[in-house]
Structures are given as C-alpha cells and as structure tokens.
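A, B, ... follow the sequence lines: proteins, then strands. Residue 1 opens every chain.
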There are 2 protein chains.
Amino acid sequence: MIIISKRFDILYKRGVILGITIKDIAKLAGVSTSTVSLVLSKKGYVSETTQTKVQKVIDEYNYRPLRAARQLASHLTGYIGFIISHVHLSRSEAFYTRILLGSELEARNYDASIILSTVGLDFSIPNEVPRFLKEKAVDGIIIAGSVREDLIQYIYQEGIPVVLIDFRINDLHLDNVFIDNRSGVRQAVEHLIQKNVERIGFVGGSFYHPSIQERFEGYQLAMEKGGLGDIARDKAFHFLENSETTAEIGEKGMAQVLTNVPDLEAVICVNDTTAMGCLQHLRKKKLHVPSDLAVIGFDDVNIAAVAHPPLTTIHVPKIEMGVTAIRLLIDRIAHPSQVHQTRLVPVELVIRESSLKNQNGQ
Amino acid sequence: MIIISKRFDILYKRGVILGITIKDIAKLAGVSTSTVSLVLSKKGYVSETTQTKVQKVIDEYNYRPLRAARQLASHLTGYIGFIISHVHLSRSEAFYTRILLGSELEARNYDASIILSTVGLDFSIPNEVPRFLKEKAVDGIIIAGSVREDLIQYIYQEGIPVVLIDFRINDLHLDNVFIDNRSGVRQAVEHLIQKNVERIGFVGGSFYHPSIQERFEGYQLAMEKGGLGDIARDKAFHFLENSETTAEIGEKGMAQVLTNVPDLEAVICVNDTTAMGCLQHLRKKKLHVPSDLAVIGFDDVNIAAVAHPPLTTIHVPKIEMGVTAIRLLIDRIAHPSQVHQTRLVPVELVIRESSLKNQNGQ
DNA sequence: CTGAAAGCGCTTACAG
DNA sequence: CTGAAAGCGCTTACAG
C-alpha cells in the first residue's frame, strides 16, 4: 500500500472521498440492498418495475459500486494482469505495444481493467514475481512475447488462468495466440517465385523465440514446395544469428549472404527491423532495391510503410492479437479445466515497392 | 466484473483458489489478527519478539494479504491509473512507452501497481471516462502526454490526485513533470554557433502540444541571445505545421526551408522523428549530412543513434520522467491540499555525427 | 505492546 | 420476485 499521512487518512474517512453506497441507493429506491445488487449485476430475477425504479436512482446519483468491495464479496477482481518484458515494451516497433492496446480495449468489453507488469530477466521466483500474482489481485494473466520460462512455470503451478501471446514453452499446454508465421513466409516466397525470382536468401535472428524459428522453417518449406529445395538447404543463402533481431543484425546478415551469393535476387527477413538493416546495407553498397535485389520483411510495423523504398512485408494484426488473447482468457476463467486452445491469427502479404523486381518497381 | 459460469464460482468458493488468511496466521502464531496486521504494515508498536514470531509464520506460509480486503478496510487501493492516448502508445519512438516503464518500475517501490487506460478522442464525459475513475479503484492518476482537456477537467473536479507528464492545460494548477525544452534547444543552438554555423533553420509541428511550442520558442530565444535575432525572426527559416510531428512533416519542412534558404547551414528539428524526415529529404537531394547541412533532433529515441548519419539530438530521460511522476503523485496523495509542484527534468545535448559540420565529420 | 470488536461496501445463498 | 443476514479478509480506533 502507498504510505500516506495521517492527515490524508482522516480526510478520507470524513467522506471527502467516500461516496454514495449501495445502502443509500437501496434506501432512496425503497428496496433492499440485495435488490440493488441484483439490478446492478443484471442477473435478472428482478421485476421490470423494480428494475426501472432502482435504475433511475442509480442514474440520478451516478452511482458505481466500489470495486474493492465487490471484489471481496465476489472473489472476482475484474482485473487482468498483462506481463511483458522490459525489452519488448521498449522496442521501437510498436509491435507488442499495439497488442497491449488491443487487450486494453477488449478488456473493457468485459468490464475488466489491465494491470501492467513489466519483467526483466533478473527477478527471483517466487519472491519477486509480479505483485498481483501473490495478492490474488487478478482473475487471469496475459503474457505477451518471451519471458523467463520459470515465471510461466510458476504461474502454471499456481493454477492462475493464463494466455500466452506469440510465445510458448514446450511441454506446457497453455492457451496460446500465435501468428501464422509459416503462411506469411509462404506468401512471400510465392510472390517472388511468381516473378521468376528464385535465388532467395533469408536473414534471421534468435531461435529462442518460436516465431523467429517458424519463419525460417516456413521459408524452407515454401522454397522446397516451389522447387527451390537446393537453395532452401544451402547455408550460403542463410544468415541466422542467435541474438535479438536488430537492424544491425540485418546489416550484418545482408553483408554476409551477399558475399556468399553475389547474384542473390531477393532476401526475406525475419522481421521489418532486420529488413531495415538490409536496406541500409544495400544503400551503402549502392545497390538498388528492388531492381538489384528485392527485400521483404515481416510484421508490418510503422516503419515499413515509410521505409525507402516502402517495404513489402507480412501484415500481422497486432491489435486483434491482443483482443483474441482477452477472449481466450475470459473463456479460460469461465472454464478452468477445459482443454487448452490455440488461436492462429491470419497474416497477409502487403506488397509495396521493395519487392517489385522485374517490374520497373516505381 | 467478468461474467463467469456458476461452475467456476463454486470451484472458487470451495477453496481452490481461496488461500490462507490473516486469521490463520494469527492462530498459528498465537496472536491476534490486529497484531499480524501491524506486523504486516510495519507500523511499529509491536515488540521485537512478537514481530519475529509472526514474521516467521508469514514467511513459512508465504502469506500475502488479499489486496481487495486491504483496500476495502483501508480505503486505499494501492493502484495508480496511467492514462495515455492511443496515438502516443502506438507511436514507434518508444517515447511515452519508456515513461510508462519508468512509472511501472517506481510504483513498485511504493507497493503500488499501474492500471493502464488508453483514451482516444471519441469518448463522452462522464459516461465513458476510464473505469477506475468512477469506481474509486485508484489512489491517483498519471496522465502522459496530451489527452482531451475536458478529461483533465473532470479529474480535477473529482478531486482525484493527478500528475501530468509533458502536458499542461492553462488555468489549471496541477502537478507537472516537464521537459526542459528551452535548455535543450539552447544547447543545440550554442553547439552550432560555436562551430560558426549561423544560418540555422527550424522544422516543427503541432502547437497543440506545449513541448512543441517551447522548442520553437527556445530556438528563437537562443538565436536571439547568440546574435542571430534576424534569422530567429525570419519566417523563411522556419517550417511550422500544426499537425502530428511525423517524418513526412520533416521531409516537407526540410524541402520548404531549403527552397526558401538555399544556403542554409543547419536545421534544428522539433524531435527525432521529424529529423529523420529531414535526413530523408537531404538524401534524396544528394546533400550530405553534416558537410552540406547539419541536422539536430530532440528526444534521443532509439532510432537517433542508428540513423545515417547518427543523429545529434537532445537526450530526454524518459524513464526518469515516469519515476518522477510517481514520486510527485505519492506526495500529492499524502498531501492533497499542498501547493502544486512542477518538476523540470534536465536534458542534455548528445553530439553524434549529424551536426559535426566543418570538422571533417567522419 | 496487544487483543476484541466494529466496520469497510459489496454479493449471495437462503427463506419467504 | 424480494429482503434479512451472513460473510468476504482485512484495518483501525479503542481499551487495557
């Protein structure tokens, strides 16, 4: 609790802030508090006339039940914990941030609020897990992106309803919201093949994150399917460094693949950020995109559309992912023991200039 | 409240989730609940021996008081509402996001949690204000960046403790955390003048946001002080469009000022995002930065350091702003009627390549 | 320094 | 359909 002065405390108690209660409403409407409560929760069992009579008083006094009291009596908090790593929250692509936005918006539709908790890598379990976990202050939890596995293990063992977004840990069956990474990359590969572009490389990053891994696998699968299995299996065409996917990794990767394969025609990047690095490297090398080389990203974050040239990429519906996670979580809270569910959010190729090879790509 | 099935409800009540209470601890330690509560709140008045005895049981059972019960009894929630516009949360510069991160981290030091609420422009007051405002679910509120003025008016009238970050509304005396914009721009101007750069332009944006306005004023003041008043007052050197500060605005602004003043030597941008637009335009025009023209941004967001060339800018300590806001708010909650306070966070010029004119700038 | 007891503002069986 | 009453799990004067 916040440490407050005695003085404030007294003010508080004197009613400076304490407001109208359910008792007041009951008295004013000439009914019992139970009835008011029933009207409030819209659980039915109240006659039309009583209902309107009570509602009128509620509206008149703009009454809203005190959440804390409601929580205590009902054993439900109306709060959803949203856990995200410092790294993800701070990243500049507004990827996870938009997922958070989606969750926040959708939570309201269930009369719930989001309690945010960021986590780093350096906390101890169970002593320093997010506070709400130990105070039963949330009904369920959403985890966006990668966090330490033992945190998820802890939550799992505590039996708190949880949904993971764009992350998984093996052997643990939890509700998940995934990106359809394989489909996304397949669309990209097919788009290129259709233009008779075949010498297609891949620049990627950390395999710690499942999405990253799936994107590379998707590339290999789609290439194989398109009759380009040799390239799909030729390491000269691939750059995979097990680290955060930054623009620097993109630059480095582009440089390396280009050295290996001077007549490379296109590169698919694990995400838009690395694609920006590729563009950067190509600019330095005075190579023109897309006429010399096509570049395709993944995610469709803000920078993609304003890059030079505008980046062809796979659009990931970030807000919808946040929305979906809330719905899954609500469902899980209502049915704690049902079998775990997975939602695969669809993605779509957005064709901009960076891939318009052999087409006088504007 | 979240709508849940009867079945879940029953599980809940059966103790699947209900845990150990203060009563249990009291019994186990052989003291009264009051004593346990006193130990928990560390309010003193408990003998050393009782304290350790009780603490031992608390630790052994890993007991944590239920927040809702505590809230109801103490009239304090331990929650802080954080209000931010959809636009700010979604922006790609991780500016407000880092402020949020700072607040989240600092809140923990006061045993408080952050409840997030995003707002758009299209809500009605008082019916659609953030839920926590009407349910007395927070002890105080932080507003980061610009939001609708009538929302702030509403909060003010409700008497809820509030701190504004990087925003103000005239005539309303609230606690504020401001960026020292004038000092920042002054440092930039002095840096340029010191290199004998004098024909310095300014590219800016929306005057709706006070920081934006202050940065232009700071430019004029510093120019005046440096003996360049003529330029400070010459509209040909300035581009000020009343819209969101995007990279596009930067491109457009750079183009216009350069048309007006072909022998321009430097441009100071209202923020890094517009500076990126300027760089973009100069690249298109085949002008070299910094040898042809120096460019300086403001904010020091992620992209600044990795821009080409790396951008000289004013570093704004974003995390600290979030931290400061929490401290101000805690203080305000403790002393509701004290005179309002303003914290000016210091900023610092970070010299990178984009301003190293006349120096063989790498 | 410690305990018994009231009370915070709701919800929810239960009885009618 | 409606009301009286118990109870949720804490905190906090108050008395000793």
Report the nucleotide, chosen from C/dG3, C/dC10, D/dT11, that has the shortest atom-to-atom distance to any side-chain atom of B/Arg70.
D/dT11

Heavy atoms from C-beta onward define the side chain here; which of C/dG9, D/dT12, D/dC10 lies closest to that of B/Leu38?
D/dT12

Does A/Thr33 or A/Thr50 map to a spot on DNA chain D nearer the 5' end, using the closest nucleotide for each?
A/Thr50

Going by atom type alone, with no hydrogens or angles, which donor-acceptor pairs under 3.5 Å involve a side-chain atom of residues 151-164 of chain B and a protein atom two or more places apart or on another chain?
none

With a 4.0 Å limit, can you tell me whether A/Ser37 has a side-chain N or O closer than that to the phosphate oxygens OP1/OP2 of C/dT11?
yes

Side-chain atoms of A/Ala73 come closest, of C/dT2, C/dG9, C/dT12, to C/dG9

Quick one: is C/dT2 close enough that its OP1 or OP2 comes under 4.0 Å of any side-chain N or O from B/Ser47?
yes

Taking the ring centre of each residue, are B/Tyr79 and A/Tyr79 less than 6.0 Å apart?
yes

Counting N and O atoms only, with roles assigned by atom type, does the side chain of A/Ser85 sit under 3.5 Å from a partner on the main chain of A/Val147, one being a donor and the other an acceptor?
no

Listed partners of A/Ser103 passing side chain to side chain donor-acceptor pair (under 3.5 Å), at least two apart:
none

Side-chain N or O of A/Ser32 versus OP1/OP2 of D/dT2: is the shortest distance under 4.0 Å?
no

Pairing annotation in dot-bracket form, given for DNA chain C with Watson-Crick or G-U pairs under 3.5 Å and | for cross-strand partners
|||.||||||||.|||

Quick check against the 3.5 Å criterion: does A/Thr50 have a side-chain atom that pairs as donor or acceptor with the backbone of A/Val46?
no

Side chain of A/Arg332, backbone of A/Gln338: donor and acceptor closer than 3.5 Å?
yes

Closest to the A/His75 side chain, choosing from C/dC10, D/dG9, D/dA4:
D/dG9

Among D/dC8, C/dG3, D/dT11, which is the nearest nucleotide to the side chain of B/Thr35?
C/dG3

OP1 or OP2 of C/dG9 under 4.0 Å from side-chain N/O of A/Thr21:
no

When you check the phosphate oxygens OP1 and OP2 of C/dC10, does a side-chain N or O of A/Tyr63 lie under 4.0 Å from one of them?
yes

May I ask you to decide if A/Thr21's main-chain N or O and A/Asp24's side chain share a donor-acceptor pair within less than 3.5 Å?
yes

